[in-house]
Trainee: 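Have a look at this one.
By convention here, the first residue in the shown sequence is residue 1. Here the structure is a predicted model, which is why all the values come from computation and not from measurement.
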Amino acid sequence: MALTMRPAGLSSGIDQDRADYAVFCGEWNIGRIYEVRGGPEHLRWFWALHFPSKPENLRTDNRVATLDVAKAEFEASWRQWKSGRLWPGRTISSGACSMSQT
């Protein structure tokens with residue numbers, strides 16, 4: 001199963017033309033990637049995973065220069081969380097989700 005990006009539809013007013021995506025694994029909304037207005041170019045895109053809990057050593061958000069880097073970091077963090085290596089004794093479904101855009 002692929003990770004998919006769908007327009008989030010959360011922006012309003014002057015930000016309506018800003019790129020803003022909800023990220024899904026199947027029908028589960030697992031995060032968001034959006035373009036940040038203002039600030040330096042090397043921090044133009046923000047990504048975040050949405051989890052009820054996480055290990056302390058797992059990065060679940062970051063600001064980066066490009067959409068491609070945001071997608072790659074998001075997917076790497078998702079795969080790390082899903083692998084179960086960070087959760088001793090926990091089993092996570094092995095169904096693969098990788099990034100694609102719809």
Side-chain angles (χ1 to χ4, degrees):
M1 186 178 314
L3 290 179
T4 56
M5 293 172 50
R6 302 177 195 164
L10 299 174
S11 300
S12 62
I14 63 170
D15 288 328
Q16 284 183 333
D17 64 336
R18 180 181 68 173
D20 187 355
Y21 304 99
V23 182
F24 289 81
C25 179
E27 292 303 312
W28 291 87
N29 181 338
I30 62 166
R32 190 166 168 210
I33 297 175
Y34 63 87
E35 185 179 16
V36 176
R37 294 273 168 90
E41 283 295 310
H42 71 281
L43 300 175
R44 185 173 191 165
W45 290 89
F46 177 79
W47 66 267
L49 291 167
H50 304 280
F51 295 121
S53 63
K54 72 172 189 76
E56 289 182 22
N57 60 342
L58 176 65
R59 170 160 242 158
T60 58
D61 61 87
N62 198 16
R63 285 183 64 181
V64 297
T66 68
L67 177 58
D68 287 338
V69 173
K71 288 166 44 174
E73 285 191 11
F74 185 101
E75 184 170 6
S77 188
W78 164 249
R79 287 183 181 276
Q80 186 179 10
W81 182 86
K82 197 175 79 159
S83 74
R85 288 189 299 265
L86 301 171
W87 300 90
R90 180 174 179 188
T91 302
I92 298 173
S93 171
S94 61
C97 274
S98 58
M99 186 65 74
S100 70
Q101 185 172 344
T102 58

Trainee: Rounded at 0.5 Å granularity, tell me how far OG1 in T60 sits from CH2 in W81.
Mentor: 12.0 Å
Trainee: Tell me every residue that passes side chain to side chain contact (heavy atoms under 4.5 Å, CB included) with N29, counting only those two or more places apart in sequence or in another chain.
Mentor: A22, F24, H50
Trainee: Are F46 and V64 co-members of a hydrophobic cluster defined by side-chain heavy atoms under 4.5 Å apart?
Mentor: no
Trainee: Quick check on the hydrophobic clustering: are V23 and Y34 connected, directly or via other members, by side-chain heavy-atom contacts under 4.5 Å?
Mentor: no
Trainee: To the nearest 0.5 angstrom, please state how far the CZ atom of R44 sits from the CZ atom of R63.
Mentor: 11.0 Å
Trainee: From I30 CD1 over to T4 OG1, what is the distance, rounded to the nearest 0.5 angstrom?
Mentor: 8.5 Å
Trainee: Closest approach of C25 and W78, non-hydrogen atoms and distance?
Mentor: SG-CZ2, 3.9 Å
Trainee: Which pair of heavy atoms, one from L67 and one from I33, lies closest together, and at what distance?
Mentor: CD1-CG2, 3.7 Å
Trainee: Regarding K71 and E75, does a basic nitrogen lie under 4.0 Å from an acidic carboxylate oxygen?
Mentor: no
Trainee: I need the minimum non-hydrogen distance between R32 and F74, along with the two atoms involved.
Mentor: N-CE1, 4.0 Å
Trainee: Nearest 0.5 Å, what's the OG1-CD distance between T66 and E35?
Mentor: 11.5 Å
Trainee: Do Q80 and L49 make a side-chain contact, defined as non-hydrogen atoms from C-beta onward lying under 4.5 Å apart?
Mentor: no
Trainee: In terms of ring plane angle, is the pair Y21 and W45 parallel, tilted or perpendicular, where the classes change at 30° and 60°?
Mentor: parallel
Trainee: How long is the span from the CZ atom in R79 to the CG atom in L3, to the nearest 0.5 Å?
Mentor: 7.5 Å
